[in-house]
Each structure stands twice: as C-alpha cells, then as structure tokens.
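When a ligand or atom number is given, it counts from 1 through the structure's own listing order.
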Amino acid sequence: MQSLDPLLSPARFEWGCATSAFQIEGASTANGKVPSIWDSFCAESGRIRDGNDGSVACDHFHRFADDVKLMADLGLRHYRFSIAWPRITRADNTLNAAGLDFYKRLLDALEHHGITPNATLFHWDLPAHLSGGWLNRETAYRFADYAELIARHLGDRLPRVATLNEPWCSAFLGYDLGVFAPGVQDRAQSLVAAHHLMLAHGLGLQAWRAVRSDTMLGIVLNPELCDPATPDGGDAQAARMAELERNDCFLNPLFGQEWPEELIHQIGPHAHVRHAGDTAICAQQLDFMGLNYYTRSIAQAPQSVRDKERGYTFVPPQEPKPLTDIGWEIYPEGLTRVVQNLLAQWPLPALWITENGAADNTEVAHGSVDDGMRCDYLRAHFAEVARLRSAGVDIRGYYVWSLLDNFEWAHGYSQRFGIVHVDFATQKRTPKRSALMLQGWLRA
Ligand code: IFM
C-alpha cells in the first residue's frame with residue numbers, strides 16, 4: 001500500500017495513536033498518587049526484565065504538552081490514553097483533586113491542538129490498597145465509584161470512554177500465568193478475576209450513565225485467533241479452549257450469555273462468585289467495542305499438568321514465519337479472520353481497532369530511526385482494515401500502538417512499540433520512519 005486506501009481516508013475514518021498511563025506517565029508518587037499493583041509488582045525481585053519499573057517511564061506526566069504537540073505535528077487527530085485510577089483516588093477511595101488536575105491539563109492541551117480524546121478508565125494499574133484485587137467482588141463496586149467520579153469531573157470533556165482495556169490480560173496473565181501483576185498462579189482464581197472484571201465493566205457503565213447519557217461507552221478487548229497446530233482432533237479442541245478463554249469468557253457476559261460449560265468447570269469451587277443477576281449487569285448497552293490485534297496463536301493438545309487445567313498448550317508456528325522483535329508472528333490476515341469470527345458469534349456494535357503495532361527495536365542511527373519492519377507491519381494491517389471496510393464491516397477507526405516507546409510490562413523497556421523513539425536516559429523523542437510515513441499520509 002503506497003498511499004492510503006480511500007476507504008481509510010482521514011475524512012471518513014478516525015486515525016489515532018494509543019498509550020496507557022502506567023506505561024508512559026512516570027511520576028509514580030506525584031501529587032499524592034497512591035501505589036498501584038504494578039508499582040508493587042515491579043518492586044518484587046525478578047518480576048520485570050532488568051529490574052525496571054514505571055517510576056519515570058517516558059516522564060509524560062511532566063512532558064505531556066510536548067508529546068501532544070508531537071502528535072499534532074504527526075497529523076494524528078485522535079488520542080487514546082488511560083486514566084490512572086491510583087492518581088485520581090486516595091487510599092480512602094475519595095477524589096484526589098491534584099491527581100485529577102493532570103488529566104484536566106492534558107485535555108486542555110489536546111483541545112488546543114484539535115485532538116479528540118478517547119479515554120480508557122482501567123489499563124491494569126489497580127490501586128494496591130484495594131484488598132484482594134480482582135478476587136474481591138468489592139473491587140468491582142469500587143471501580144463503579146471511580147467511573148462515577150470521572151463521569152462527574154471529566155465527563156463533559158470525554159466523548160468516548162472504554163471501561164477496561166484487555167481484561168483477559170488482567171485476569172489470566174495476572175492470576176493464572178502470574179507474569180503480570182499481581183503474579184498469582186491459580187487457574188480457578190483467574191476465572192474469578194475475569195468474572196469480577198466484567199462485573200466492574202457493567203457496574204461502571206451503570207454508574208457513568210447515571211451521571212451522563214451523552215458519552216459513547218464501550219470496552220476494549222484483545223480477542224484471540226487460535227489455529228490448531230495440526231488437523232488432529234486434540235489440537236482442534238485445544239484451539240477452541242484457547243478461544244473460549246480469550247473470547248467467550250468476556251463476550252458472552254457482554255451480550256447476556258452465560259459462560260460455556262468448560263469455563264464453569266474450570267472455575268470449579270469458586271462458582272458461587274457468579275451471583276444470579278450478574279450476567280444482566282455485565283450486559284449493559286455497548287455503544288462501541290475496541291479491538292486490539294497483534295498476532296495469532298497456535299495450539300496443540302495440552303502437554304503439562306498446568307496446561308491440562310487450561311485445555312491447551314501454545315506452540316510456535318510450524319514453519320518459520322516472520323516475527324516482530326518480541327517474537328510474535330506477523331500475521332495481518334488474522335485481523336480480518338478474528339473480526340469475522342467474532343461477528344459470526346456475537347452482535348458486535350461499531351468497532352474501532354484500538355491497538356495494533358509491532359515491537360521493532362531499531363535504534364537511532366545518524367539522528368533517525370529506520371523501522372522498516374514496523375512500516376511493513378503497519379501497511380499490511382491497514383490493508384486488512386480496508387478489506388474489512390470494503391466488506392461492509394463497521395470499523396470506524398485505527399489507533400497505532402504506540403505513540404512512544406514505553407514500559408512494556410514484564411519486558412521492561414526492552415521492547416520498543418513506539419512510532420516515536422524515546423531515549424530513556426535523556427527523554428529525547430525521535431519520530432521514526434513509521435511516524436513520518438503516517439504523517440505523510442495523514443497530511444496529504
Ligand atoms: O503494551 C501493551 C498494551 O499495554 C496492551 N496491549 C498490548 C500492548 C503490547 O504488548
């Protein structure tokens with residue numbers, strides 16, 4: 001794709017970039033911000049590559065004005081960011097006005113540059129003082145209180161709001177694999193967390209709508225496309241189990257459907273956490289859904305005891321395939337396939353691709369960053385979005401992940417997803433070739 005497909009013309013399609021609070025803001029104790037579970041997790045030895053943390057990150061808390069100007073210079077007119085819950089509320093769950101002020105100033109800067117905000121309320125940085133985290137039903141009610149606070153104090157400036165980003169990661173990476181905060185490894189508990197996250201989503205939407213009715217409200221998911229390693233029946237069943245965990249676990253409640261039997265079996269002794277009436281709470285009206293897509297997975301019949309609990313083992317592609325620097329297969333057609341799979345099963349609302357991008361760790365050479373792999377990756381995925389739109393799928397926008405190189409969770413700063421390079425020693429920003437490619441298209 002040498003120029004933008006007319007179906008993706010900025011006149012009729014939303015182009016933006018995405019970030020999240022913990023990954024870029026830094027200033028982890030500024031203005032009374034309380035610790036999040038990610039601050040605590042980073043402080044545990046061996047959790048994060050090179051012992052990194054989010055205390056400084058991209059220092060966006062102090063540099064947001066320049067970062068917003070950079071976005072505007074690149075021609076990006078839409079910005080997806082997350083609000084840090086631990087910046088907004090104190091340990092007694094009351095409003096921290098000084099923390100809120102940061103987002104007011106950020107929104108002022110966006111408005112000044114004509115950039116439309118698109119906020120996510122929860123991108124994994126749960127306040128650490130919420131006892132029991134997502135295993136505690138009360139956390140879902142505290143999320144609703146937080147959603148209500150944001151609706152009251154910022155709601156008039158936020159046209160579109162998502163409750164949660166990728167609840168699968170919070171639940172299964174956080175409570176089953178244990179590679180994300182809080183680092184628990186218990187299959188049944190990960191399903192408890194998943195249920196409470198979806199309950200939080202439903203209660204959050206109710207709380208927001210009780211304050212304002214003019215916001216477009218939704219959720220951001222990272223649905224799975226899982227292919228079986230071989231045509232063998234065991235591998236096909238494994239691929240199905242992976243998709244149930246990643247897709248049905250979240251999409252069924254959103255559309256008022258119960259979990260499949262397999263998931264109810266896996267939650268086992270904790271089944272009582274799913275109260276009668278919870279599914280109805282989860283199934284609030286959705287004005288939009290954000291989909292994050294990076295790669296596909298390949299499954300075979302479970303190999304280890306832990307994998308037997310899950311029902312699958314992930315394996316690398318059978319033949320050598322192009323990979324991004326984080327080791328994820330480059331598989332653009334998966335974007336089209338996963339969207340079509342979901343549309344065949346659930347009555348999805350209007351869609352936005354809220355994240356897509358590649359870890360390409362090319363460094364600065366002679367003042368520029370020639371991230372050719374990322375450019376190819378992005379072009380191939382834009383072509384899939386155009387394909388979906390030409391097939392009549394209601395996809396209204398695309399947000400590249402990410403504006404800046406940032407804190408890539410357990411990988412620390414070792415994986416660079418930004419279209420703008422960040423020198424973490426000096427905080428110098430250098431737009432990469434991918435950013436300039438986008439700029440050329442968006443400004444044309
Ligand atoms: O960096 C993350 C982001 O926080 C959520 N979606 C996937 C990205 C890349 O791993």
The side chain to side chain donor-acceptor pair (under 3.5 Å) partners of Trp352 (sequence neighbours excluded) come to Glu14
Exercise for the section: Can you label the angle between the Phe172 ring and the Trp168 ring as parallel, tilted or perpendicular, going by 30° and 60°? Expected result: parallel
query: Taking C-beta and beyond as the side chain, do Glu384 and Ile353 meet within less than 4.5 Å on heavy atoms?
result: no
- Query: Just checking, any donor-acceptor pair under 3.5 angstrom between side chains of Asp50 and Tyr413?
  - Reply: no
Ring pair (Phe, Tyr, Trp, His ring centres under 6.0 Å) filter on His60, not counting sequence neighbours, yields none
So side-chain hydrogen bond (donor to acceptor under 3.5 Å, both in side chains) across residues 181-193, not counting sequence neighbours, yields Asp176-Arg187, Arg187-Glu245, Arg187-Gln266
Contacts for ligand 1, heavy atom under 4.0 Å, by chain and number, are Gln23, His123, Trp124, Asn165, Glu166, Tyr294, Trp328, Glu355, Trp401, Glu408, Trp409, Phe417
